[in-house]
Amino acid sequence: MNEALSGMTVGDTCLLRHLPVLVELFPFFGALTVTLIGLRWRSLCQPIALTALAFSFACSMTLCFIVAQGNGQPVEYRLGGWPPPIGIIYVIDGMNAAVLALVSGVGFLAAWSARATLGLDAPGKEPAFYALLLLTVAGLAGMSVTGDAFNLYVLMEVTSICTYALVGMGRGRAALAGFNYLILGTIGASFYLLGVGYIYIKTGTLNIADLASVLPGLRESPAIKAGFLLILVGSFLKMGFFPLHGWLPSAYTFAPSAAATLMAPLVTKVWIYVMARMLFSIFLPEYVFENLNWSEWIPYFAAAAIVFGAYRAVRAQELRRAFAYLIIAEVGYMVGGVWLGNRNGLTGALFHVLVDGLMTLCLFLFAAALAARKLPLTREGLPGLYRRMPLTMIGFTVAALSMIGLPPTGGFFSKWYLLTGALEAKSYAYFVALILASLANAFLFFRLIEKAHFEPLQDHQDHAEHGHAPDTSSHDQSRHEPEPWSITLPMLIAATGVLALGIFSSQIVGGLLRDAIPEVWP
Amino acid sequence: MDFLIAKGNYLLAVVLMMVGLWAMMAKNNLMKKILGMAIFQPAIILFYVSISTKRGATLPVAWAKLGPPQPEQYANPLPQVLMLTAIVVGVATLGVALALAQKLYRHYHTLEEDEILAREAGGRPDHE
């Protein structure tokens with residue numbers, strides 16, 4: 001098992017063996033380099049960040065292929081060569097290989113698009129921004145591969161501290177939003193730490209595989225139950241699961257566009273993955289779904305989260321606030337899917353992690369594109385956009401269709417798994433909430449698309465009132481104002497990803513996710 | 001009384017944790033929230049350190065002159081090592097919190113959350 005790599009035909013070379021840690025090390029050392037180089041040469045920051053993230057993404061894609069070829073056999077990496085129960089290990093199976101690719105890929109696209117808006121939101125802060133971005137990616141990647149419960153705490157705090165600072169970089173209320181995020185995030189992390197402490201007292205180990213082998217003997221222990229609850233509440237706080245979502249809307253609304261582009265797609269999704277890992281790699285499904293008599297109630301909370309998020313998203317005036325509430329609804333989808341307790345629900349939730357990461361990236365890139373063109377981030381900024389930036393709008397439309405859940409996109413397939421799982425588990429409230437959320441999303445997005453497609457250019461009307469001579473020229477200029485290419489291209493890539501996830505859904509689910517879900521899962 | 005002596009550390013940790021949590025959730029002044037955080041995190045550290053203590057135990061150093069190591073004589077070093085990391089995390093969080101509070105104070109000249117919100121609400125109607 002631990003020598004999974006050497007059995008491969010892919011190769012025995014030294015570097016391949018170290019892939020699991022290289023995925024984190026590239027952004028980590030990238031962050032150090034950016035900080036130092038940025039002191040003198042500010043224009044080099046983005047290229048360095050992009051290089052580091054490109055290498056990281058290449059490593060994670062290689063890992064995906066290695067895992068997919070190894071028939072679900074996990075790749076293990078021992079940090080410093082220490083054997084598992086004593087040392088920290090990284091374990092990569094089909095599930096977190098995919099999450100890893102998502103993290104480094106979205107990180108790359110976010111860094112690519114950052115330049116267009118960074119000058120507006122946080123001028124002169126390029127070195128700090130790219131360093132924090134790289135550290136966030138390194139932390140998130142570490143969170144998704146680590147096989148040690150305490151190492152997970154450290155990496156989650158590395159990620160969180162960077163995201164607090166990223167949010168706080170913005171103007172106006174951003175600092176307050178960042179501060180509240182910090183307070184609630186710290187409470188969440190501390191609950192997690194306390195829960196790990198309870199479990200450590202009873203088991204004497206922090207290694208996830210070791211915990212899984214010891215915990216079944218301690219099913220009746222109240223300390224384990226308390227530890228599980230603390231860890232669960234901590235992760236609910238960190239992922240913004242209704243009703244613990246308080247920090248999320250403001251943080252993602254007021255953060256600098258470039259920071260929101262990175263955080264909104266990744267942070268909540270990685271937390272969903274961590275929660276799933278807790279349930280089926282540490283506590284094991286038998287404990288969660290048989291010993292705990294309240295586990296069937298979580299899908300009801302998820303249904304409440306979905307309805308609440310969708311309702312507030314439709315009501316919200318600002319685009320980014322609407323998207324933030326959509327994230328709360330999506331977190332409801334995924335938490336519900338994991339807690340349905342069957343294979344389809346879990347597959348749907350994990351697949352939705354990937355799809356939702358990419359489509360949320362599209363939505364926030366769209367908001368960044370508006371910000372880069374200095375358009376208001378409300379419905380008023382939309383008229384005439386289909387003419388003005390057609391390619392950006394194609395990306396937005398694909399993401400919108402995926403949010404609604406229409407067939408060629410990935411959103412349809414993840415929702416299909418979730419709905420099937422909900423029916424199998426007879427969780428009708430969750431089922432109805434999913435359908436309602438689709439309708440609400442359809443209402444929200446078709447209203448936006450209608451505004452962007454059918455209403456004429458606002459500039460045209462404004463200039464027409466002022467006089468005749470400059471009218472045609474400025475009108476033409478605004479009309480032909482180029483798309484913000486550094487945002488449009490990442491957006492098109494992400495939109496292609498959303499479509500590809502839909503088209504190749506059976507390969508991804510069959511090749512990576514299926515094998516990662518343990519046999520004991522019903 | 002025996003209970004108090006045996007579990008004193010844990011009780012203290014719980015009391016500190018609740019004090020800190022209350023300050024973080026209920027206080028209006030941002031500085032008091034930060035102070036709450038500075039009480040809340042050490043409470044957990046106290047809890048961890050308490051679980052590793054042992055009466056009559058010695059330093060966990062494997063020294064050849066002492067003969068083969070005997071685990072029952074040593075205090076458990078792991079929770080203390082973990083807490084070193086947790087202290088570092090706590091310091092970093094505190095630093096970011098103070099920096100954000102400073103930024104807010106420079107901008108609004110107050111650290112009362114409701115005053116900051118009231119000042120912002122003038123410009124923005126869509127608030128939660």
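Residue numbers start from 1 in every chain, and the chains themselves are labelled A, B, ... in the order their sequence lines are given, proteins ahead of strands.
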Whether B:K33 side chain and A:I183 backbone form a donor-acceptor pair below 3.5 Å: no
Which atom pair, heavy atoms only, marks the closest approach of [X] to [Y]?
{"X": "A:Y200", "Y": "B:N76", "result": "OH-ND2, 2.8 Å"}
{"X": "A:I187", "Y": "B:F40", "result": "CA-CE2, 4.0 Å"}
{"X": "A:S190", "Y": "B:Q41", "result": "OG-CG, 4.1 Å"}

Against chain A, work out which of [options] has the most heavy-atom pairs shorter than 4.5 Å and name it.
{"options": "B:T93, B:V96, B:I116, B:I51", "result": "B:T93"}
{"options": "B:M17, B:M25, B:K103", "result": "B:K103"}
{"options": "B:A86, B:A92, B:G20, B:A97", "result": "B:A97"}

Verdict with reasoning, B:L100 to A:Y181, per side-chain contact (heavy atoms from CB on, under 4.5 Å): CA-CA 11 Å; B:L100 286 174; A:Y181 181 18; over 6 Å; no
In this structure, are over 12 heavy atoms from other groups packed under 6.0 Å from [X] atom [atom1]?
{"X": "B:Y108", "atom1": "OH", "value": "yes"}
{"X": "B:Y105", "atom1": "OH", "value": "no"}
{"X": "B:K32", "atom1": "NZ", "value": "no"}

Proximity breakdown for [X] and chain A, heavy-atom pairs closer than 4.5 Å:
{"X": "B:L21", "answer": "side chain"}
{"X": "B:M24", "answer": "both"}
{"X": "B:L82", "answer": "both"}
{"X": "B:T85", "answer": "side chain"}

[atom1]/[X] to [atom2]/[Y] distance, rounded to the nearest 0.5 angstrom?
{"X": "A:L194", "Y": "B:I44", "atom1": "CG", "atom2": "CD1", "result": "5.0 Å"}
{"X": "A:F179", "Y": "B:L104", "atom1": "CZ", "atom2": "CG", "result": "7.5 Å"}
{"X": "A:L176", "Y": "B:L117", "atom1": "CG", "atom2": "CG", "result": "5.5 Å"}
{"X": "B:R119", "Y": "A:R173", "atom1": "CZ", "atom2": "CZ", "result": "14.0 Å"}

Less than 4.5 Å apart, any side-chain heavy atom of [X] and any of [Y]?
{"X": "A:V196", "Y": "B:Y48", "result": "yes"}
{"X": "B:E113", "Y": "A:N180", "result": "yes"}
{"X": "A:Y153", "Y": "B:V89", "result": "yes"}

Contacting moiety of A:F150, where chain B heavy atoms sit under 4.5 Å: side chain
Per-residue contact mode, A:L193 against chain B (heavy atom under 4.5 angstrom): both
